[in-house]
Amino acid sequence: MTIRLKKTVVLIGMMGAGKTAVGRALAERLHVPFMDSDEEIERAAAMSIPEIFARDGEDFFRARESEVISRLITTDGAILSTGGGAFLQARNREVIHEKGVSVWLDAELQTLWNRVRNKTTRPLLRTKDPKATLTEIYHKRVPVYAKADLRVTSEPRLPIPEMAERVIEALKTRPDVLEVCDD
Ligand SMILES: Nc1ncnc2c1ncn2[C@@H]1O[C@H](COP(=O)(O)OP(=O)(O)O)[C@@H](O)[C@H]1O
Ligand SMILES: O=C(O)C1=C[C@@H](OP(=O)(O)O)[C@@H](O)[C@H](O)C1
Ligand SMILES: [Mg+2]
């Protein structure tokens, strides 16, 4: 069985949902290019995300993020993992809807927290009470993430390759995106 992607699949959702890890596994499984907007921003700036936030601020980062998404979404039939804030901007949602298909990787707050709690790579969580900050961001964003074309729920103990399979199952409901050919 061969699977062919006709549109670029854009993974959206909270920090720690697994967009980067699942996106990479999904691209390997489907033999298509993998892109991550954060990695692309870091590479172009030759700085890490925390360094960009510290030196140039969040607004600067969001502007770079929009540019990178608009550019990368033009690659047909690839996987594009975005940063957790990307889908919040209407302009980003529009280009994603126009040229790709959005998949919300949805995970429970406790799962997200367990995955990000010991990491220093997410500047938005550098607050006095990072768990409260994550909770606040989560509740604010969920209604926007719900605008995605597809939603895939992540169970805390589901391994990354199985999450990638779940995404494929969800994509099978969209023949305009995924073509399954019996060999
Ligand atoms: N399904 C999963 N099972 C176990 N660990 C996971 C899973 N998804 C993500 N992780 C881990 O959680 C952390 C955050 O994942 P990441 O892909 O960076 O999330 P995001 O890009 O959505 O912020 C990483 O250490 C990743 O390996
Ligand atoms: O949620 C957010 O606003 C952010 C999420 C991060 O990406 P991940 O969702 O891949 O962690 C990164 O883009 C930046 O730290 C801001
Ligand atoms: Mg990521």
Side-chain angles (χ1 to χ4, degrees), residues 8-28 33-75 78-100 102-148 152 154 156 160 163-164:
T8 283
V9 174
V10 185
L11 299 184
I12 67 125
M14 281 292 286
M15 298 172 247
K19 303 177 296 297
T20 300
V22 174
R24 190 171 276 119
L26 185 61
E28 269 173 33
F34 172 68
M35 306 172 294
D36 183 282
S37 59
D38 284 339
E39 286 176 6
E40 193 63 24
I41 295 164
E42 288 181 321
R43 204 175 53 77
M47 281 195 285
S48 68
I49 302 284
E51 282 168 347
I52 297 170
F53 269 70
R55 202 189 78 168
D56 301 310
E58 181 172 353
D59 288 352
F60 177 88
F61 171 78
R62 296 298 174 200
R64 302 292 79 72
E65 185 174 53
S66 287
E67 285 168 7
V68 159
I69 290 171
S70 299
R71 182 162 57 77
L72 297 182
I73 193 78
T74 60
T75 316
I79 308 298
L80 170 58
S81 295
T82 59
F87 208 62
L88 275 293
Q89 291 191 61
R91 177 181 156 213
N92 296 344
R93 287 199 300 277
E94 279 160 24
V95 296
I96 292 169
H97 279 302
E98 192 190 322
K99 296 191 178 122
S102 50
V103 180
W104 173 23
L105 282 194
D106 187 17
E108 280 182 1
L109 194 46
Q110 189 58 45
T111 304
L112 299 170
W113 173 242
N114 290 341
R115 290 185 188 154
V116 300
R117 60 188 305 166
N118 294 319
K119 305 264 169 68
T120 55
T121 49
R122 293 175 175 91
L124 292 183
L125 300 180
R126 289 184 180 180
T127 61
K128 255 197 237 145
D129 186 347
K131 190 173 183 189
T133 306
L134 186 75
T135 306
E136 193 184 313
I137 292 175
Y138 175 87
H139 289 299
K140 229 186 255 170
R141 289 182 178 180
V142 160
V144 186
Y145 293 149
K147 295 175 193 266
V152 174
S154 160
I160 289 164
M163 275 302 299

Asker: What I'd like to find out is whether the side chain of F60 reaches to under 4.5 Å of the side chain of R55, using heavy atoms alone.
Answerer: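 Counting from C-beta outward, F60 and R55 never come under 4.5 Å.
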Asker: Taking 4.0 angstrom as the limit, do E58 and R62 come out as a salt bridge?
Answerer: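 The answer is yes: the pair qualifies as a salt bridge.
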Asker: Out of curiosity, E136 CD to T127 OG1, how far, rounded to the nearest 0.5 Å?
Answerer: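 That separation rounds to 9.0 Å.
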Asker: Would the distance check show the side chain of T75 and the main-chain N or O of L72 forming a donor-acceptor pair, the cut-off being under 3.5 Å?
Answerer: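 Yes.
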Asker: Hey, is CD on E67 packed in by over 12 heavy atoms from elsewhere, all under 6.0 Å?
Answerer: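 Check passes, neighbour count above 12.
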Asker: Side chains of P123 and F61: does their closest heavy-atom pair fall under 4.5 Å?
Answerer: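 A side-chain contact under 4.5 Å is absent here.
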Asker: Under the side chain to side chain contact (heavy atoms under 4.5 Å, CB included) rule, what do L109 and L134 come out as? Steps first, then yes or no, please.
Answerer: CA-CA 8 Å; L109 194 46; L134 186 75; 4.0 Å; yes
Asker: Any Lys/Arg nitrogen of E94 or R91 sitting under 4.0 Å from an Asp/Glu carboxylate oxygen of the other?
Answerer: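 Result for this pair is no, no salt bridge flagged.
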Asker: Output yes when a side-chain donor or acceptor of E51 lies under 3.5 Å from a complementary backbone atom of S48, and no otherwise.
Answerer: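 Yes; at least one donor-acceptor contact below 3.5 Å.
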Asker: Please confirm whether the backbone N or O of T120 pairs with a side-chain atom of R126, one donor and one acceptor, at under 3.5 Å?
Answerer: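 Here the side-chain-to-backbone pair exists.
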Asker: Applying side chain to side chain contact (heavy atoms under 4.5 Å, CB included) to L125 and M15, what does each step give before you reach the verdict?
Answerer: CA-CA 10 Å; L125 300 180; M15 298 172 247; 4.0 Å; yes
Asker: CD/E39 to OG1/T20 distance, rounded to the nearest 0.5 angstrom?
Answerer: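 It is 6.0 Å, given to the nearest 0.5 Å.
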Asker: Mind checking the CG-CD1 spacing from N92 to I69? Nearest 0.5 Å is all I need.
Answerer: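 Those atoms lie 4.5 Å apart.
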Asker: Give a yes or no on whether the backbone of A107 and the side-chain of T111 come within a donor-acceptor separation of less than 3.5 Å.
Answerer: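 The answer is no, because no donor-acceptor pair under 3.5 Å joins these two groups.
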Asker: Can you confirm whether K99 sits close enough to S70 that some side-chain heavy atom of one is under 4.5 Å from a side-chain heavy atom of the other?
Answerer: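 A side-chain contact under 4.5 Å is absent here.
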Asker: Charged N to carboxylate O below 4.0 Å: is that the case for R64 and E40?
Answerer: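 Between E40 and R64 there is no salt bridge, as every charged N stays at least 4.0 Å from the carboxylate O atoms.
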Asker: Between T8 (side chain) and A78 (backbone), is there a donor-acceptor pair under 3.5 Å?
Answerer: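 Indeed, once roles are kept as given, a pair shorter than 3.5 Å links the two residues.
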Asker: Check for a donor-acceptor pair, side chain of R93 on one end and backbone N or O of L88 on the other, with a separation under 3.5 Å.
Answerer: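 Yes: the side chain of R93 pairs with the backbone of L88.
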Asker: Between the side chain of K119 and the main-chain N/O of R115, is any donor-acceptor distance below 3.5 Å?
Answerer: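 Indeed, once roles are kept as given, a pair shorter than 3.5 Å links the two residues.
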Asker: With a 3.5 Å distance limit and no angle check, can you tell me whether K19 reaches the backbone of G83 through a side-chain donor-acceptor pair?
Answerer: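 Absent.
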